[in-house]
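We count residues from 1, following the sequence as given.
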Amino acid sequence: MDNYFAGNILDEATQAPSSSNLQAWRFIVIEDQNIKKELRQIANNQESVETSSAVIAVLGDTEMYKNVDKIYGMNVEAGFMDQATRKRMVSNTMNTYPHAPKETRESIANFDAGLVSMQLMLIESKGYDPVTMGGFNNQQFIEKFDVPERYVPIVLIAIGKSAGPSFQTTRLPLNEVAKFI
């Protein structure tokens, strides 16, 4: 998978909604075959890590609020909001997020990373076979890739063309997962 294509996948994925539009996601795109071999061990020996074209590690940013000026400034430049709204939104964000417990910010980062991950999984509609993996050793991943403390590894997504048909899956019946009242 070349960087141009990976960039297009990520560009599309980052259109996902996020809490307060703070976009609490970051990515590490792993294409090097030797690094993928090492990552396979961190990822509980999951074969798709090594056989994929690339593995996209989705990280959650627990200090997402530090980008609020830039994000809302870009919204003003694009004509999506006026300065008064930007000022109010920045103020609200800075009065809330920095004072929230780290666990709360991790929860928000997890949620937002889940949204962007789902967008990445939609690559399947373009003929690719994404495999999402939550089963990996987070601490070993952090150490291997020198992940700063503000980021939390959420999921690994292997992407590539399938060498063969993938197995079918089933889902629980709707009446077991939804309650209508």
Side-chain angles (χ1 to χ4, degrees), residues 1-67 71 102-172 177:
M1 180 174 295
D2 60 50
N3 288 332
Y4 173 78
F5 187 64
N8 284 341
I9 292 169
L10 294 175
D11 280 340
E12 286 183 33
T14 60
Q15 300 308 304
S18 64
S19 303
S20 301
N21 192 33
L22 294 178
Q23 304 162 48
W25 48 64
R26 296 296 178 274
F27 309 97
I28 298 174
V29 181
I30 303 147
E31 298 174 296
D32 182 275
Q33 197 60 37
N34 292 325
I35 295 173
K36 288 192 301 177
K37 283 181 184 182
E38 293 176 43
L39 178 59
R40 182 174 177 170
Q41 299 314 305
I42 294 170
N44 300 323
N45 200 33
Q46 296 181 71
E47 181 181 15
S48 56
V49 169
E50 199 171 339
T51 60
S52 64
S53 297
V55 176
I56 300 175
V58 182
L59 311 176
D61 183 0
T62 64
E63 297 178 12
M64 72 294 274
Y65 59 87
K66 291 183 176 180
N67 296 310
I71 291 168
K102 185 171 183 184
E103 295 79 26
T104 300
R105 289 183 280 123
E106 279 184 16
S107 179
I108 293 166
N110 269 288
F111 180 80
D112 287 354
L115 293 171
V116 80
S117 295
M118 188 63 236
Q119 290 287 98
L120 283 169
M121 296 300 294
L122 294 175
I123 190 75
E124 188 171 34
S125 67
K126 296 181 179 174
Y128 289 86
D129 191 22
V131 177
T132 184
M133 297 166 279
F136 62 98
N137 186 309
N138 283 22
Q139 191 55 46
Q140 287 179 0
F141 184 90
I142 289 167
E143 291 168 9
K144 168 70 182 162
F145 295 100
D146 197 27
V147 176
E149 190 175 327
R150 75 185 271 178
Y151 302 110
V152 179
I154 306 295
V155 69
L156 303 175
I157 302 174
I159 297 179
K161 295 276 187 176
S162 181
S166 48
F167 63 88
Q168 298 295 313
T169 61
T170 60
R171 295 290 183 256
L172 292 170
V177 298

Results of side-chain contact (heavy atoms from CB on, under 4.5 Å) for Asn45 - residues two or more places apart only: Arg40, Gln41
Side-chain touch Leu120/Leu10, heavy atoms, less than 4.5 angstrom: yes
Least distance between heavy atoms, Val116 atom then Ala13 atom: CG2-O, 3.3 Å
Enclosure of Glu47 CD (heavy-atom neighbours >12, cutoff 6.0 Å): no
Interatomic spacing from NZ in Lys102 to CD in Glu63 - rounded to 0.5 Å: 7.5 Å
From CZ (Arg26) to CD1 (Ile154), nearest 0.5 Å: 12.5 Å
Partner residues of Met133 under the side-chain contact (heavy atoms from CB on, under 4.5 Å) criterion, sequence neighbours left out: Gln46, Ser48, Val49, Val131, Leu156, Ala158
Taking every non-hydrogen atom, the tightest pair across Val155 and Gly134: CG2-N, 4.1 Å
Qualifying residues under side-chain hydrogen bond (donor to acceptor under 3.5 Å, both in side chains), relative to Asn21, sequence neighbours excluded: Gln23
Check: Glu50 main-chain N/O paired with Gln33 side-chain donor or acceptor under 3.5 Å: yes
Under 3.5 Å: donor-acceptor pair, side chain of Ser107, backbone of Glu103: no
Shortest non-hydrogen contact between Met64 and Ala109, atoms and distance: CE-N, 4.2 Å
Nearest non-hydrogen partners of Thr169 and Arg171, listed with the distance: OG1-NH1, 3.4 Å
side-chain hydrogen bond (donor to acceptor under 3.5 Å, both in side chains) against Ser19, all qualifying residues, sequence neighbours excluded: Asp112
Point-to-point distance, once rounded to the nearest 0.5 Å, from CD1 of Ile71 to NZ of Lys66: 14.0 Å
Rounded distance [0.5 Å steps], CD1 in Ile30 versus CD1 in Ile56: 9.5 Å
Closest heavy-atom pair and its distance - Leu59, Pro153: CD2-CA, 3.5 Å
Spatial distance of atom CD1 (Ile42) from atom CG (Asn137) [nearest 0.5 Å]: 7.5 Å
Point-to-point distance, once rounded to the nearest 0.5 Å, from CZ of Arg105 to CG of Leu22: 12.0 Å
Flag, side chain of Lys36 to backbone of Val55, donor-acceptor distance under 3.5 Å: no
Contacts of Thr62 that satisfy side-chain hydrogen bond (donor to acceptor under 3.5 Å, both in side chains) - sequence neighbours left out: none
Steps toward side-chain contact (heavy atoms from CB on, under 4.5 Å) verdict (Asp61, Asn67): CA-CA 10 Å; Asp61 183 0; Asn67 296 310; 3.9 Å; yes
Residue list, ring pair (Phe, Tyr, Trp, His ring centres under 6.0 Å) with Phe136, at least two apart or on another chain: Phe141
